[in-house]
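Reading through the structure tokens given below for one structure.
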Amino acid sequence: EHRYPSWDALRVLADAAQIVLDAPAHVSIRDAIGNLDPIREAMDRLDRYRQFQPDAFKRRLVNAQLHQQTWAGDDEP
């Protein structure tokens with residue numbers, strides 16, 4: 001179980017963004033970055049991380065149902 005995305009993948013994307021920002025205006029993004037494979041791999045790793053994250057649990061619905069519940073005797077919370 002991974003609670004956080006891959007820091008290595010985030011670093012690859014951050015480094016690529018910095019390269020683009022530091023590149024002269026006349027240089028294309030593709031020329032500045034060069035090989036796009038590491039960026040694609042980093043994006044794939046982050047996408048896999050996102051896909052395997054559990055959906056958020058929506059407590060409001062459960063809380064509303066609990067507040068509507070009638071409690072009696074030993075069942076009282």
Side-chain angles (χ1 to χ4, degrees):
E1 174 184 326
H2 297 286
R3 291 184 166 202
Y4 305 103
S6 166
W7 292 113
D8 293 334
L10 291 172
R11 172 58 76 186
V12 168
L13 297 179
D15 289 345
Q18 190 63 55
I19 288 169
V20 170
L21 292 173
D22 292 342
H26 68 278
V27 175
S28 72
I29 293 173
R30 182 169 283 238
D31 288 341
I33 293 176
N35 184 5
L36 297 178
D37 288 339
I39 294 171
R40 288 185 184 113
E41 290 171 10
M43 295 290 290
D44 287 344
R45 285 196 312 250
L46 293 174
D47 188 46
R48 281 193 304 274
Y49 166 80
R50 183 193 55 78
Q51 289 175 2
F52 288 107
Q53 291 303 301
D55 292 335
F57 178 72
K58 295 178 176 61
R59 294 184 311 199
R60 289 183 185 189
L61 177 62
V62 173
N63 286 338
Q65 291 172 347
L66 287 173
H67 285 291
Q68 292 174 355
Q69 194 72 15
T70 303
W71 300 101
D74 294 337
D75 294 338
E76 193 169 331

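Evaluation of the salt bridge (charged side-chain N to carboxylate O under 4.0 Å, His left out) test over residues 23-32, restricted to residues two or more places apart or in two chains, returns none.
At most 12 heavy atoms of other shown residues, nucleotides or ligands fall within 6.0 angstrom of atom CD1 in Ile29.
Residues meeting the side chain to side chain contact (heavy atoms under 4.5 Å, CB included) test with Arg59, sequence neighbours left out: Phe57, Asn63.
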Scan the side chains in residues 32-46 for donor-acceptor partners under 3.5 Å anywhere in the protein, sequence neighbours excluded, and list what turns up.
residue: Asn35; atom: OD1; partner: Asp37; partner atom: N; Å: 3.0
residue: Asp37; atom: OD1; partner: Arg40; partner atom: NH1; Å: 3.4

Only distances under 3.5 Å count here; give the side-chain donor-acceptor pairs of residues 7-18 to other protein atoms, sequence neighbours excluded, each with its distance to 0.1 Å.
residue: Gln18; atom: NE2; partner: Asp22; partner atom: OD1; Å: 2.9
residue: Gln18; atom: NE2; partner: Asp22; partner atom: OD2; Å: 3.3

